[in-house]
Amino acid sequence: MRIALLTAAFTGSLIAANADLILHNGKIVTVDRDFSIRQAVAIRGNRIVAVGDSAAVLASERGPWTKVIDLGGKTVLPGLIDSHVHALEGGLSEFRAPLPPLDSFAAIQDFIRKEAAKTPKGEWIIVPRTFPTRLKEMRMPTRELLDVATEHPVMFDASYVVVANSLALKMSGITRQTPDPPLGEILKDANGEPTGILKNAQSLLKGLKPPAPFTYLEKLQALEKMLQLYQAAGITSICDGGVGEEDIQLFGELKATGRLPVRVAMTWWHNASSPMEELRRELEAHAVTTNTGDEWLKFAAYKVNVDGGMTIGTAYQRYPYGPFGRQLYGKTREDDRGQLFESPEKLLDIMGAARAKGWQLTAHTQGGGAIDGFLDAMAALDKQNPIAPTRSHLIHASFQSAEAIARMKKMGILADAQAAWLHFDTPALEKVFGYDGLRSFFPLRSYIDAGVIVAGGSDHMIGHDKNRAVNPYNPFHGLWVSVTRKTSSGSVMHPEERITREEALKTYTIWAAYRMFSEKEKGSVEAGKLADLVVIDRDYLTCPEDDIAKIVPVAVVLDGKFRGQATQPRNSRAGGR
Ligand SMILES: [Zn+2]
């Protein structure tokens with residue numbers, strides 16, 4: 001203590017210098033208001049206490065017990081925030097066994113053959129979730145392709161759309177006479193025979209046993225593992241893009257037992273196909289609302305799904321999909337624009353009820369028709385009471401328009417964008433919509449120029465590997481795509497929508513924090529904020545552009561402590577003893 005007082009006297013500081021940790025001689029990209037670059041950061045407890053030049057921070061903050069680490073010029077970013085992941089689903093997806101890479105029809109058939117060899121006859125084979133936009137053939141498979149197994153019912157899982165083989169159709173009694181279920185469709189060929197493609201009609205498949213359920217403990221382990229993997233990737237905060245009661249319980253238990261590897265905000269997902277009275281009752285019964293909780297675990301927005309997915313052709317567009325769209329997605333009707341899951345009246349009703357409970361509002365919207373529909377609901381609510389303070393936002397909003405962006409700005413609606421989709425899906429989508437038709441596909445430049453705040457994220461849902469997952473949750477991949485707009489086929493998708501490295505970093509830090517009402521607590525390296533940082537292996541701001549995707553974290557500091565397997569920088573030594 002005497003030394004501390006002496007140090008304080010020596011530096012002329014009135015506050016005793018007692019930082020727990022000082023990182024100095026680095027390049028601290030603070031993402032503060034001026035986007036300042038500093039050399040050193042001092043941390044006490046779980047808070048940043050000083051940011052500045054190395055000499056000044058060491059002089060004023062170094063005490064007898066301060067651990068001092070020389071960064072050797074390494075770059076430090078604020079801890080990265082992924083605004084949209086599905087952590088439990090991702091964790092469970094490879095909890096029992098690694099998933100095969102299914103990127104072509106041949107790979108799918110190979111998978112089915114191998115499964116058939118070890119599965120008793122008559123039992124279901126499920127092809128793990130795969131999107132046709134990411135298959136070499138760029139086409140939805142039909143029953144013939146899956147008929148490589150004739151003694152097993154087979155289901156190809158593309159989320160809202162599934163494909164059944166001939167035996168599966170037979171066992172389920174699906175014939176040319178079977179009527180479409182409500183809101184669903186049994187696709188038929190030119191002769192009126194089912195093609196095997198079922199849209200929102202998976203419930204027609206009989207005897208489809210859900211895979212052996214995971215125990216509560218397994219789910220807890222899978223979730224914890226996934227969150228640890230996020231942390232190792234340089235992510236210190238996530239927002240889960242859609243939680244139900246079980247996720248809430250699991251996250252809660254990890255927090256209660258001190259096992260949360262990242263900070264978590266949870267967007268509560270409500271199945272809007274339930275009757276309005278039921279939705280209203282559940283909203284009433286839920287004691288929580290946006291911001292209930294603390295910076296380790298809290299509630300974010302209230303979410304419903306307005307339309308389907310662009311990877312499977314159920315996104316609700318402003319125009320019909322056209323001939324290539326019909327091939328890609330296995331569509332039959334020329335006027336098919338995709339699917340809207342609830343009427344405009346019901347959407348307004350749901351959103352009004354959620355807002356009355358104090359929720360920030362959001363919705364899964366892919367097609368332009370869905371975006372416009374959500375903004376219509378927001379406009380009606382905005383008339384009653386300004387919506388801007390709720391920081392409500394569109395999730396995905398893949399097919400934007402200048403008009404919709406202008407409405408967002410006017411009402412203070414934010415965007416929750418996933419740049420990785422641009423990389424993986426535009427080569428196929430370009431064939432459907434044409435290059436011009438993708439002018440406003442994830443239009444990051446237009447958002448920023450219009451003054452719309454963008455939160456960046458991955459929509460990770462399947463796979464453990466940060467680069468091979470659907471979608472890759474490697475934040476540096478997301479930053480790289482935001483900056484380059486390079487696609488998986490090597491082309492650049494509308495370069496006029498590229499954003500700068502600084503702007504891209506804001507989408508993963510301060511703007512993402514703003515979206516979750518946490519911008520005063522995190523999202524930048526500033527005195528008073530939570531000490532969440534990531535030290536990286538090269539300079540994000542000056543490395544060759546294509547190296548951005550290759551950046552790896554060297555160390556992750558979360559809540560003031562070094563975390564996980566990422567190795568600490570060398571030259572670490574305690575100072576002042
Ligand atoms: Zn999602």
Side-chain angles (χ1 to χ4, degrees), residues 81-93 128-131 133-134 157-161 200 222-223 226-227 229-230 233 235 237-244 246-248 250-251 262 264-273 299-316 338-339 341 359-367 370-371 374 392-400 414-425 441-442 454-464 466 469-475 477-478 481 507-508 512 515-516:
I81 302 172
D82 191 319
S83 299
H84 191 120
V85 295
H86 298 276
L88 179 59
E89 191 181 353
L92 290 173
S93 66
R129 186 165 296 179
T130 304
F131 297 124
T133 48
R134 296 185 190 177
D157 175 10
S159 180
Y160 309 96
V161 177
N200 281 328
L223 181 62
M226 198 65 246
L227 299 178
L229 290 170
Y230 291 152
I235 296 165
S237 293
I238 58 152
C239 181
D240 195 298
V243 298
E246 186 165 49
D247 309 69
I248 295 169
L250 292 164
F251 277 121
V262 293
V264 178
M266 301 178 289
T267 284
W268 185 41
W269 180 79
H270 221 170
N271 184 352
S273 65
F299 281 89
Y302 171 87
K303 172 188 176 184
V304 298
N305 288 21
V306 174
D307 67 344
M310 60 163 185
T311 43
I312 44 177
T314 53
Y316 187 69
Q339 275 182 316
F341 292 149
W359 284 98
Q360 173 185 41
L361 307 176
T362 194
H364 164 107
T365 54
Q366 284 283 7
I371 294 170
F374 181 75
S392 294
H393 48 275
L394 286 156
I395 292 176
H396 314 312
S398 308
F399 294 88
Q400 267 293 0
L414 286 62
D416 193 304
Q418 294 75 34
W421 291 17
L422 175 80
H423 176 74
F424 287 107
D425 297 315
F441 191 81
F442 286 102
V454 184
S458 62
D459 201 11
H460 169 243
M461 55 184 109
I462 307 165
H464 285 184
K466 68 178 174 183
V470 179
N471 299 283
Y473 60 86
N474 178 357
H477 179 269
V481 179
T507 70
Y508 270 85
R515 209 220 69 190
M516 39 180 94

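Start at 1 and go down the list; that is how both ligands and their atoms are numbered. The basis for the numbers below is simple: all heavy atoms, side chains too, and nothing from hydrogens, waters or symmetry mates.
Around the Zn ion (ligand 1), protein atoms of type N, O or S found under 2.8 Å number 3.
Between Ile235 and Val262, the shortest heavy-atom distance links the atoms O-CG1, 3.3 Å. Taking every heavy atom of both residues into account, Val306 and Ala363 meet most closely at CG2-CB, 3.6 Å. Listed here is the closest heavy atom pair of His396 and Asp459: CE1-OD2, 3.2 Å.
Among His84, His477, Met461, His423, the one residue that satisfies the side chain to side chain contact (heavy atoms under 4.5 Å, CB included) test with Asn471 is Met461.
Side chain of Thr314 to backbone of Gly309: a donor-acceptor contact under 3.5 angstrom is found. Ser93 places no side-chain N or O within donor-acceptor distance of the main-chain N or O of Ile462, the cut-off being under 3.5 Å.
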